[in-house]
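Step one of this worksheet: look at the structure below.
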2 protein chains.
Amino acid sequence: MTANILVVEDEPAIQELLALNIKQAGYNALRSLSAEHAQQLLRETLPDLILLDWMLPGMSGIEYARRLKSDNLTKAIPIIMLTARGDEYDKVRGLEVGADDYVTKPFSPRELNARIKAVLRRRAPQMTDDPIEIAGLSLDPTTHRVTGNNVNIPLGPTEFRLLHFFMSNAERVHSRTQLLDKVWGDRVFVEDRTVDVHIRRLRNALMASNHQDLIQTVRGSGYRFSAQSTEQAS
Amino acid sequence: MTANILVVEDEPAIQELLALNIKQAGYNALRSLSAEHAQQLLRETLPDLILLDWMLPGMSGIEYARRLKSDNLTKAIPIIMLTARGDEYDKVRGLEVGADDYVTKPFSPRELNARIKAVLRRRAPQMTDDPIEIAGLSLDPTTHRVTGNNVNIPLGPTEFRLLHFFMSNAERVHSRTQLLDKVWGDRVFVEDRTVDVHIRRLRNALMASNHQDLIQTVRGSGYRFSAQSTEQAS
DNA sequence: CAAAATATGACAGATTCATGACAAATATTA
DNA sequence: TAATATTTGTCATGAATCTGTCATATTTTG
């Protein structure tokens, strides 16, 4: 599950540079030269992040950003603005239309990557590729593999994403609706109770290494992935 | 029990942006394009906070604020005003009509959230997600966990909310009716005496870490959560 | 001591969850 | 392409837990 990043930039050289950088960092780059074209791309895939140039031919970047943020389908997608210089005024306007961050040109690849990573982590921590290990259970997003005490644990796609989300947001209670939003995606319509079933499937799989208790149910609230036991001293 | 925030703003783009921000921060967003419409919404649910634009078509924001503050039913609801710029004069007028805080457009999401949280903390502390720790008893809303001297204390949903409310409003006596309103919600109809039973259940659970005395009975008035012992020297 | 207020234990009805089964949708393989 | 395996969402059922109320102690106050 590598993140898709859409670059909207009219200058081909800069676009190339950006795309290169993005790929280097392990993400998937989609490109577009104009807001109009970008709009078409969105029909096929919703990216996880949009890098948007401030100045564009046709519809300007600011205008497009505003439009993205007012559409239910796209408003949740974080936007990083590319502005000509570190103009404070631009920054303010950018944030006003809903940009999540901004980068000034010329930019350093390092800075760009840092900001991309930060924004992705803020919005969807489970999008990052860092391996996670908790209480003997480890999950590696790049190899798509889960092992408990070094024995392999096979998981279906949904269970994998679910576990990934849980491990990226451990200790915290998540309501069924939140889980549906974060793991299934916000455009699907599924029954709340469906989460229960997947929880059970996940627990079932985790039994292979006796890690099933890491997933705790919090009655009336939702579920929690926690290394701390819920037992009480006797 | 997440806080409901009503946004009254006629510009759709800004409204969308505000709503987005509010949801992202974990609150519930209700929206309205005019003061008149807002008034209707109030008939169904009383929000915990109102974000009110300074300038509105029809009844202006200032006027509406004044009206809200003069109605017994709504005057306790905190109001954050959205003003065009940091005009000192506007600020004064806003506070004059009873606004609790104000934010100047363009605003940064971060600032907005900070102010929302601050205002909510003042009015309805149990709506925020801050962990609380009193006399060795700690409660964390995000993980939905209660520990007394580091041992886990399991609580049912109602007892959890009750304790959360108590700890957020410690050292103060709450009548049964008040508790019913704040913890159960104002639309339920339950017997006053039911509170007694839940108090007992809560005390019972707290006995696990010998914290049961934090919940004190104030004969004739209600209950109080207090770290100060009520014992008298003999 | 009598009256009033609160504590407690029990209980039945409601909620909320876990679980197994199943059919539809998807992906994989031959 | 057809056949086969996986995966997914939903449902029905039963188990577990929670809730509100009542009847009955117990405590406090005047």
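What's counted below: heavy atoms across the whole structure, side chains too, no hydrogens, waters or symmetry copies. So you know, we letter chains A, B, ... as the sequences are listed, proteins then strands, and number each from 1.
Considering only side-chain atoms of B:T217, the nucleotide from D:dT19, C:dT6, C:dG9 that sits closest is C:dT6. Taking every side-chain heavy atom of A:T194 into account, D:dG9 is the closest of D:dT21, D:dG9, D:dT8. Distance from the side chain of A:H198 is smallest to D:dG9 among D:dG9, C:dA18, D:dT19.
In this structure, the CD atom of A:E191 is 14 Å from the C1' atom of D:dA12, given to the nearest Å. C:dA5 atom C1' lies 17 Å from atom CZ of B:R200, rounded to whole Å. Straight-line distance from the CH2 atom of B:W184 to the P atom of D:dT19: 9 Å, rounded to whole Å. Atom CG in A:L162 sits about 15 Å away from atom P in D:dT7, given to the nearest Å. For the pair A:I199 CD1 and C:dT16 P, the computed distance is 17 Å after rounding to whole Å. Here the C1' atom of nucleotide D:dT8 and the CG atom of A:L155 are 15 Å apart, to the nearest Å. Note: CG (B:D196) to C1' (D:dC22) measures 13 Å, nearest angstrom. Note: CG (A:D192) to C1' (C:dA18) measures 16 Å, nearest angstrom.
The side chain of B:R176 contributes no N or O atom lying less than 4.0 Å from OP1 or OP2 of C:dA5. The side chain of B:Y223 contributes an N or O atom lying less than 4.0 Å from OP1 or OP2 of C:dA7. Look at A:T158 and you won't find any side-chain N or O under 4.0 angstrom from OP1 or OP2 of D:dT7.
In this structure, B:R203 places its CZ atom where more than 12 heavy-atom neighbours from other residues, nucleotides or ligands lie under 6.0 Å away. In the displayed structure, A:R172 atom CZ is contacted under 6.0 Å by at most 12 heavy atoms of other residues, nucleotides or ligands.
Projected onto DNA chain C by closest heavy-atom contact, B:V197 and B:R193 fall at different nucleotides, the more 5' of which corresponds to B:R193.
Closest non-hydrogen pair, B:R145 versus A:Q228, comes out as NH2-O, 3.0 Å.
For B:R201 and C:dG9, a side-chain-to-base donor-acceptor distance below 3.5 Å is absent, hydrogens and geometry of angles not being considered. No hydrogens or angles were tested; on distance alone, a donor-acceptor pair under 3.5 Å links the side chain of A:R219 to the base of C:dT16.
In summary, the aromatic rings of A:F225 and A:H174 are positioned with their centroids too far apart to meet the 6.0 Å limit.
Scored by the salt bridge (charged side-chain N to carboxylate O under 4.0 Å, His left out) test, A:E16 finds A:R31 as partners (sequence neighbours excluded).
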